Amino acid sequence: MNVGKTQEMVYEMKVSAVMTRDVITIGSKERMSRLRSLLQGNRISGVPVLEKGQLVGLISIEDFIKWLANDQEDCAIEERMTREVTTIYEDDPLVLAIRKFESTSLGRFPVITRDQKTLVGILTKGDVIEGLLKKLEIDYQEQEARHFPARYLFDNIEADDTSLQLRYNVKGQDFTQAGDSSTRLKRTLRRLGLRSDLVRRIAIASYEAEMNLVIYTEGGRIRAEVEPARVFVEIEDSGPGIADLEKALEPGYSTAPEWVREMGFGAGMGLVNMKKSADEFIIESEPGRGTTLNVSFRINEEPHEVN
Amino acid sequence: MKLTELVETLGLEVRSCSDNLFKKEVTGGYASDLLSDVIGNSRSGDLWITLQAHVNIVAVASMKELSGIILTGGREPDEDTIQKAESEKIVIMVSKLPAFELIGRLYDLGVRGVSNKTS
Amino acid sequence: MNLEDARKVLDAEVIVGTNLEEIDVEMGCGADLMSDVLAFGKKGSLLLTGLTNPQVVRTCEIAEIVGICFVRGKRPPEETITMAREHSLPLLATRVPMFESCGRLYYHGLKGCSETKE
Ligand SMILES: Nc1ncnc2c1ncn2[C@@H]1O[C@H](COP(=O)(O)OP(=O)(O)O)[C@@H](O)[C@H]1O
Ligand SMILES: [Mg+2]
């Protein structure tokens, strides 16, 4: 079996390379009443509890709610915290973290040093995915066109219903940047190890949509969501909208001005190409409000080319 | 070479002004999707291969006295393009083939472009 | 046919690219409209076009075209050349116009995109 680069990476990369280093903590002798503002102010769901610099527990939103619901009498954090904390060592390989997420169904682990057991960071599933992606990005520069099976990544993290999101902002009326987002999306999907004919179809649809954002709107957004069985691409703008959708979908229909045609666009085939490339294609538009395209692609289909 | 020969050999479908098929003599080929290019560089008697289907192609063909227009890749002319072509006596044909192949077949039949752009 | 064969047929100048004989060209695609390159151009094709803006390079990147030959004496602007270098996309330029270029390549055995199966 060709396990490929992603698998190598989850063995090679250490937790410390992807964890979040700025951890918000609270002292074990501090009061429960202080926790509220800490949780709210930082929009986090749990805080590691320290005593003389050592990790002694974890206090979560659930602990806090329980306290609110019952006595509400102010007390020290240590009286309410959970003492059994599942931690992970900073030099553990990522694969261990992935397995631990799976087996515990916990959302985060405090990261500690192996010798002193001091807290050095916190690790979430998001950190792992983001870290792997970044690393792929760096490696890709050096070793073009290697294939990284995304499935492996999902096999391990799927328990959480994980999907991977890639977002791009597209500037309107800016021809120098036009197509850049789709080119980057294409490269990332490639690196994730999706089949190349599928990647090509996704890129074609995204590129046509991106060009429409550039030509007809003041800009918009492309969001791609990669799931184990499908890729979903949403392109939206709050531009002028399309008055007659049926017409716009006809091959050859275009309102592009002559200068756009002279640049090689405005053949009126964009929406047609998108529809042809995609497994599912939904377009919604309201004049004066904007346009949203939902395009999706099945991952496990037999190879099929656009043309 | 008459247009009608090409229509038969290549299985082209005629969309406008079929009366002119026997009259128009094809003396060369020009392929472009950029109107400004066709206006600037085509020669009279050229058969024009393009994917542009909107009404402006008729005006260009008429002005440059082209022998006809073939839309490639299964593209169909717009309704107003057909009307205009009828009134301007321009023959529009369509082919399912992509431009590259259609040109290749025309070339095999002896239709030539210019070998160098001199200017 | 490889890219060097195609270059000879068109008497084209190399603007970007080396070792052209190592690059296989499976099909030809002639178009000035980028949507058509996306719709008809297949992976592994050589694009013949009269357009020279950087979007042409982007389009080839998306459609997995292996090289571009600019026809009828068109020279690409600097931005296009820079982008092609970044993407390692070979660029050729010939004085031969589109019709004649496609005709000659076809005559020399280069297939069109509808004649080849992947
Ligand atoms: N995001 C958008 N906002 C407003 N109008 C759009 C948008 N996308 C497409 N259109 C309209 O739909 C027409 C057809 O689009 P498309 O099939 O991509 O062809 P083309 O871009 O070549 O004209 C466009 O000419 C334009 O009028
Ligand atoms: Mg478009």
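Keep in mind that this is a model prediction, so the values were computed, not measured. Chain identifiers are assigned alphabetically (A, B, ...) following the order of the sequence lines, protein sequences preceding nucleic acid strands; residue numbering begins at 1 within each chain.
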At their closest point, which heavy atom of B:Ala31 faces which heavy atom of C:Met98, and how far apart are they? O-CB, 3.3 Å
Side-chain heavy atoms of B:Phe100 within contact of C:Lys111, under 4.5 Å: no
Using a cut-off of 6.0 Å, state whether more than 12 heavy atoms not belonging to B:Lys2 lie near its atom NZ. yes
Would one find more than 12 heavy atoms of other residues, nucleotides or ligands at under 6.0 Å from atom NZ of B:Lys64? yes
Quick one: closest heavy-atom pair of B:Leu51 and C:Phe40, and the distance? CD2-CE1, 4.2 Å
With side chains defined as the heavy atoms from C-beta onward, is the minimum distance between B:Leu106 and C:Phe99 less than 4.5 Å? yes
Please state whether the side chain, the backbone, both or neither of C:Leu10 comes within less than 4.5 Å of a heavy atom of chain B. neither
Side chains of C:Asp32 and B:Gln52: closer than 4.5 Å at any heavy-atom pair? no
Decide yes or no for B:Tyr30 and C:Glu100: does some side-chain heavy atom of the first lie under 4.5 Å from some side-chain heavy atom of the second? no
Can you tell me which portion of B:Leu102 sits under 4.5 Å from chain C's heavy atoms? Options are side chain, backbone, both or neither. neither
Does CD belonging to B:Glu65 count more than 12 external heavy atoms closer than 6.0 Å? no
Nearest heavy-atom contact between B:Glu101 and C:Cys113 is OE2-N, 3.2 Å
Compare all side-chain heavy atoms of B:Asp37 with those of C:Arg72 and state whether any distance is below 4.5 angstrom. yes
d(B:Thr50 OG1, C:Asp36 CG) to nearest 0.5 Å is 8.5 Å
Indicate the atoms forming the closest heavy-atom contact of B:Arg105 with C:Tyr106, along with that distance. NE-OH, 3.4 Å
Flag the pair C:Pro97 / B:Asn41 as yes when at least one side-chain heavy-atom distance between them is below 4.5 Å, and no otherwise. no
In terms of heavy-atom proximity below 4.5 Å to chain C, should B:Leu34 be classed as side chain, backbone, both, or neither? both
Least distance between heavy atoms, C:Cys102 atom then B:Ile103 atom: CB-CG2, 3.7 Å
